[in-house]
Amino acid sequence: MQRRLANVNVWTVAAIAIIAALFLPNLTIVTGLFTPSNENWEHMKEFVLWSFVKNSVVLVVATAVSTIIIGLSLAWLIAQYQFPFRRFLKWALILPLSIPPFIGAYTYHGIVNYTGVIQTTLRENFGMALNPAHFDIMNLPGAIFIYTIFLYPYVYTISQVFLSQQSASLIESTRLLGKGAWRTFFQVVVPISRISIIAGASLVVLEVLNDYGVVKYYGIQTFTTAIFQTWFGLGDLETSIKLAASLMGFVIVILLIEKILRGRRQYSYSSTKVRPLPLIQLTGWKGFAAAGYGFAILGLGFFIPVAQLIDWTILTFGTIPLDDFMAYMRNSIFVAGFSAAAIIIFALIVGNFARLVQGRSAKLLPKLTVLGYSIPGAVIAVAVVTAFVALDEFLAPLYRVAGMNTTLVLSVSILLLITAYIIRFFAIGFSSIETGYDKIGTDFQDASRLLGAGLTRTFFKVDMPLMKGAIISGFILVFIDVLKEIPLTLILRPFNFDTLSTKAFQYASDEKIMEASQASLLIVGISALAIVIFYKFLEKEMD
């Protein structure tokens, strides 16, 4: 009995320590609201804060609506109809998610600008000298297009899985009542898909608010760009904290709206006889129109930008020293791999704590760790820096005893960046691990305990082998997100430490978009491969 309690206490202490470490740094942002205002903050409130709010709202609302339209329509086509190339499109439509929006932003700018392939072809082959202003994409509508075409897979994936598992009787009943395809879609499919639509759109909104690369490159003023400008341009951390707190409040409002929209409505079955939707065969022009729609979206979101990146890579191959390029790749793989591994380990501990310890607090505390994903990277960066500077000040006497001439040790180390990654992306790894724990249940654990094994030994000998699938899928998802991340890396990376994403962003910002293609193409290739592996693994698990 004492051994059991000791094991539970070890898991409890470890889990609570992890939860506190992941949650407490964000409280430093809240304290910033109560610090005295300076001139920069007063100036921003009076002249430019409203423009940050307006641009952010326009980007969020327009992107959410457009991704819902595209994502849900594609999901319904794949879930309901049989047409040429459907099996290929079913998984390929997720591939745009492998292209970070900032890479898509500079790639499309290179395609449509004056020296790009479109205007050059029109001038040289067709003698058409059109006004270059008609092709300008570096504005608010252009940013909305970029976000939409590369983020719609969030809505598509969640909605497609949901619709594929719906009972056929729902749709068949509407047809018996004489409703056509369009009325069925709007009066039945959209209402029952409400939860999945809101879930996907919420992820899109959070990604838009977190993004820095697109709005910076296109010159659009948002909260994220303002935080960067005040911190690095003006050297004003206090105003950055206040802007971060304002952005956090903006995110909280959006999450509350999402909660209200989702409401308490649930759609469940009154019978266990649930049949999946039978596919309707589309023949003739209808089938080719459905396939054409899917390929048009896939072309805009994946084939066209990848083709342009490949062309630029061929033209500029060798311009970046191989040793430098390999260093960027090593740095990217190291921080992504280390962060993903740490997140999975911490998620296993926190998830096991939630299983072992009974009570409401054991179920509530782990939820605090997932808040990081709803907080934009720039806000987390401010929070982590503030917390680490305070920690360095606390440890300053130890630094002096060790003979160090500086009080800034942890706050300028790679640990700062990795900690921010863990806080930002812990929710992704934890979600996968939590699902894995729910799937294996506690029967095998109980049997092991009856045979005399302790909790820790049971975890390594029984739970870990059964959790292999959840561990691998969680690692892949976190690895992809860290590999593509920009705001956190730009702010918190140590001196002279570059990754593939930061180098691609720097080259693009310096108008060396061709040189940026090499690092970008490698990011896209690794991410696309990981997404395909994950999706095939997910399909196998669902079968």
- Task: Take Arg493 and Ile414 through the test side chain to side chain contact (heavy atoms under 4.5 Å, CB included) and record every step on the way to the result.
- Result: CA-CA 7 Å; Arg493 61 197 169 102; Ile414 191 69; over 6 Å; no
Any donor-acceptor pair under 3.5 Å from [X] side chain to [Y] backbone:
X	Y	value
Tyr152	Leu93	yes
Gln506	Asp510	no
Thr225	Lys216	no
Thr230	Ile227	yes
Ser339	Val335	yes
Gln518	Thr316	yes

- Message: Using 30° and 60° as the class boundaries, would you call the ring planes of Tyr328 and Phe325 parallel, tilted or perpendicular?
- Response: perpendicular
- Which class fits the ring pair Phe426 and Phe430: parallel under 30°, tilted 30 to 60°, perpendicular over 60°? parallel
- Honestly, is Lys503 close enough over Tyr507, meaning NZ or CZ under 6.0 Å from the six-membered ring centre and within 45° of the axis? yes
Any side-chain heavy atom of [X] sitting closer than 4.5 Å to one from [Y]?
X	Y	value
Ile197	Ser159	yes
Ile146	Tyr108	yes
Tyr218	Phe102	no
Glu207	Tyr147	no
Leu417	Phe497	yes
Val532	Leu95	yes
Thr419	Ile423	yes
Thr222	Leu59	yes

Smallest separation among heavy atoms of [X] and [Y], with atom names:
X	Y	result
Pro494	Ser413	CG-C, 3.9 Å
Ile523	Leu483	O-CD2, 4.2 Å
Phe475	Ile344	N-CD1, 3.7 Å
Ala143	Val214	CB-CG1, 4.1 Å
Val409	Asp392	N-OD2, 3.1 Å
Pro96	Leu298	CD-CD1, 4.1 Å

Drop me the distance from [X]'s [atom1] to [Y]'s [atom2], to the nearest 0.5 angstrom.
X	Y	atom1	atom2	answer
Ile533	Ile480	CD1	CD1	9.0 Å
Leu521	Ile99	CG	CD1	9.5 Å
Thr63	Leu151	OG1	CG	7.5 Å
Ile476	Ile428	CD1	CD1	13.0 Å
Ile297	Thr148	CD1	OG1	9.5 Å
Leu522	Met329	CG	CE	6.0 Å

- Does one side chain, of Ser520 or Tyr106, offer a donor that lies under 3.5 Å from an acceptor on the other? yes
- Message: Applying side chain to side chain contact (heavy atoms under 4.5 Å, CB included) to Phe346 and Ile422, what does each step give before you reach the verdict?
- Response: CA-CA 9 Å; Phe346 293 159; Ile422 294 172; 4.1 Å; yes
- Message: So, applying side chain to side chain contact (heavy atoms under 4.5 Å, CB included) with Phe505, which one of Thr499, Asp498, Ile486 is it?
- Response: Ile486
- Output, in order, the C-alpha distance, side-chain angles, deciding distance and verdict of side chain to side chain contact (heavy atoms under 4.5 Å, CB included) for Leu209 and Val60. CA-CA 7 Å; Leu209 289 175; Val60 162; 3.7 Å; yes
- Message: Taking atom NZ as the centre, does Lys484 end up with more than 12 heavy-atom neighbours from other residues, nucleotides or ligands that are less than 6.0 angstrom away?
- Response: yes
What donor-acceptor contacts under 3.5 angstrom involve side-chain atoms of residues 300-314, with partners at least two apart or in another chain?
residue: Thr313; atom: OG1; partner: Leu309; partner atom: O; Å: 2.7
residue: Thr313; atom: OG1; partner: Ser517; partner atom: OG; Å: 3.4

- Task: Show the numbers, then the answer: is there a side chain to side chain contact (heavy atoms under 4.5 Å, CB included) between Thr224 and Asp211?
- Result: CA-CA 7 Å; Thr224 308; Asp211 181 72; over 6 Å; no
- Message: I'd like to know whether the aromatic ring centres of Tyr421 and Phe338 sit less than 6.0 Å apart in this structure.
- Response: no
- Message: Please report whether the ring centroid of Tyr212 lies less than 6.0 Å from that of Phe228.
- Response: yes
